[in-house]
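What follows is a short report on a single structure.
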Amino acid sequence: MSETVKKAILPAAGLGTRFLPATKASPKEMLPIVDKPLIQYGIEEAIACDIKEFVIITGKHKRAIEDHFDHTFELEEKLKKSGKKHLLEVINGLNQYNIAYIRQGYALGLGHAILCAKPFMKDEPFAVILSDDIVDPEDTLLEDMIRIYEERGSSILALQKVPCADIQRYGVIKGSPDGKGIFKIDDLVEKPRAEDAPSDLAIIGRYILTPQIFDILERAKPGKGDEIQLTDAIQELLKTQPVYGYQFEGKRYDAGDKLGYLKATVALALKNPQLSDEFRSYIEHISKQMEANEIHRETAR
Ligand code: UTP
């Protein structure tokens with residue numbers, strides 16, 4: 001049994017071009033889903049797996065992330081005075097996490113962002129959480145990946161089947177089944193054209209990596225999009241140690257993309273105890289309205 005995973009890196013220094021203009025001066029990672037920013041979902045997912053130390057990679061216009069996980073004296077006093085105990089607890093909970101911040105001066109790619117965290121890591125495995133990939137909080141993806149890491153002592157990548165039309169947006173694996181939902185990876189291709197993709201299994205935003213990845217990233221040259229690609233580094237890692245993929249069958253939303261963000265908002269609002277009844281009625285109401293409009297349009301033709 002290998003040592004367990006105690007730390008997580010959350011890269012948050014990307015430019016968020018798919019969400020412009022909202023992300024011009026505000027971090028994509030602070031976009032809210034219902035009432036929590038994307039990055040808070042990522043931290044809470046890790047906390048649920050007993051991870052207690054975090055490194056967030058930040059960049060220009062990302063100050064709001066640090067403020068979010070810090071004290072806000074005036075707000076705390078106001079909530080205290082007005083007796084809003086529950087909100088005060090929620091706000092105070094955000095100061096309790098053990099987070100280190102490191103700035104990536106230029107967005108040179110995900111691989112480079114991970115490399116920036118090297119000084120905070122000892123010779124130990126760590127999780128990488130891309131907080132714009134929202135995993136349904138009821139699912140146990142990261143927990144399952146950590147368990148597989150403990151059993152195998154090798155890097156584990158989260159995988160999901162994606163439709164052919166979307167494959168060129170992902171890193172894609174070539175591999176063979178090696179246990180329930182587990183694949184032994186033979187090769188990886190970053191953002192292949194659909195006709196060149198070695199499978200329909202794409203890498204999604206959760207990784208458990210062994211520390212050897214840092215040595216590889218230090219030597220890495222820019223790849224696709226002129227960025228230091230994590231996928232290229234993992235491909236290099238494959239030459240010296242096994243890497244496994246774990247196929248996630250649950251719900252994941254690419255909230256870094258407008259449509260994925262809207263889907264995540266609807267799904268999580270429907271699960272929110274304070275909102276679900278009224279929101280469900282509203283969705284039913286607009287669905288009926290849309291259906292009626294459709295029939296009206298059909299008959300008018
Ligand atoms: P994305 O591929 O989503 O890129 O990065 P992005 O810049 O955030 O957004 P788009 O594609 O332009 O809309 C995946 C994750 O890696 C981080 C991002 O913040 C995001 O969490 N990242 C990416 C960095 O921290 N640094 C980088 O140089 C690139």
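Remember, it's 1-based here, ligands and their atoms both numbered in the order they're listed.
- Closest to atom 12 (O) of ligand 1, if we only count protein heavy atoms, is T17 OG1, 2.5 Å.
- Of the protein's non-hydrogen atoms, the one nearest atom 28 (O) of ligand 1 is G109 N, 2.7 Å.
- By the criterion of a heavy-atom distance under 4.0 Å, both the backbone and the side chain of A13 are placed next to ligand 1.
- G16 counts as a contact of ligand 1, since one of its heavy atoms falls under 4.0 Å from the ligand.
- To the nearest 0.5 Å, the span separating NZ on K6 from NZ on K122 amounts to 7.5 Å.
- Contact annotation for atom 26 (N) of ligand 1: protein present (non-hydrogen atoms, distance under 4.0 Å).
- Protein heavy atom closest to atom 7 (O) of ligand 1, with residue, atom name and distance, is L15 N, 2.8 Å.
- For ligand 1, the polar-atom distance check finds no N/O of Y106 at less than 3.5 Å from any of the ligand's N/O atoms.
- Scanning all protein heavy atoms for the shortest distance to atom 16 (O) of ligand 1 gives L110 CD1, 3.5 Å.
- Under a 4.0 Å criterion applied to the non-hydrogen atoms of A113, ligand 1 contributes the atoms 24 (C), 25 (O), 26 (N).
- Nearest protein heavy-atom neighbour of atom 15 (C) of ligand 1: L130 CD2, 3.9 Å.
- Sorted by first and then second residue, the ring-ring contact (aromatic ring centres under 6.0 Å, His included) pairs involving residues 21-63 (not counting sequence neighbours) form an empty list.
- Using a 4.0 Å heavy-atom cutoff, H112 is absent from the residues neighbouring ligand 1.
- At the shortest separation from atom 22 (N) of ligand 1 among protein heavy atoms lies G14 N, 3.6 Å.
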Test side-chain hydrogen bond (donor to acceptor under 3.5 Å, both in side chains) on T210 and Q241; report intermediate values, then the result.
CA-CA 10 Å; T210 54; Q241 51 182 255; 2.7 Å; yes
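- Contacts with ligand 1 closer than 4.0 Å are made by side-chain heavy atoms of K28 only, the backbone lying farther away.
- From the protein, the heavy atom lying nearest to atom 21 (O) of ligand 1 is P11 O, 2.9 Å.
- A heavy-atom separation below 4.0 Å is not found between I57 and ligand 1.
- Cation-pi geometry between K180 and Y246 is not met: the NZ or CZ atom fails to fall both under 6.0 Å from the ring centre and inside 45° of the normal.
- Classification of E236 and K239 as a salt-bridged pair holds, one side-chain N sitting under 4.0 Å from a carboxylate O.
- Atoms CG and CD1, on L10 and I57 in that order, are 9.0 Å from each other to the nearest 0.5 Å.
- Proximity to L108 (heavy-atom distance under 4.0 Å) selects the following atoms of ligand 1: 28 (O).
- Each of R252, R206, K36 was checked for a salt bridge (charged side-chain N to carboxylate O under 4.0 Å, His left out) with E45, and the lone residue meeting it is R206.
- Under the 30°/60° scheme for interplanar angles, the aromatic rings of F19 and Y261 are found to stand perpendicular.
- The closest side-chain heavy-atom distance from I213 to F126 is below 4.5 Å.
- A 4.5 Å side-chain heavy-atom check between P137 and E44 finds every atom pair outside the cut-off.
- Less than 4.0 angstrom separates some heavy atom of A12 from each of these atoms of ligand 1: 19 (O), 25 (O).
- Every atom of ligand 1 with a heavy atom of A107 under 4.0 Å away is listed here by number and element: 28 (O).
- Side-chain contact check for Y101 versus R103: every heavy-atom pair is 4.5 Å or farther apart.
- Contacts of E29 with ligand 1, taken as heavy-atom pairs under 4.0 Å, involve the side chain alone.
- No part of D257 comes within 4.0 Å of ligand 1, judged by heavy-atom distances.
- Atom-to-atom distance recorded for L75:CG and I91:CD1 is 5.0 Å, nearest 0.5 angstrom.
- Once rounded to the nearest 0.5 Å, the distance linking CD of Q212 with OG1 of T240 reads 7.0 Å.
- Looking only at protein heavy atoms, the nearest one to atom 2 (O) of ligand 1 is R18 NH2, 4.5 Å.
- Ligand 1 has no nitrogen or oxygen under 3.5 angstrom from a nitrogen or oxygen of S131.
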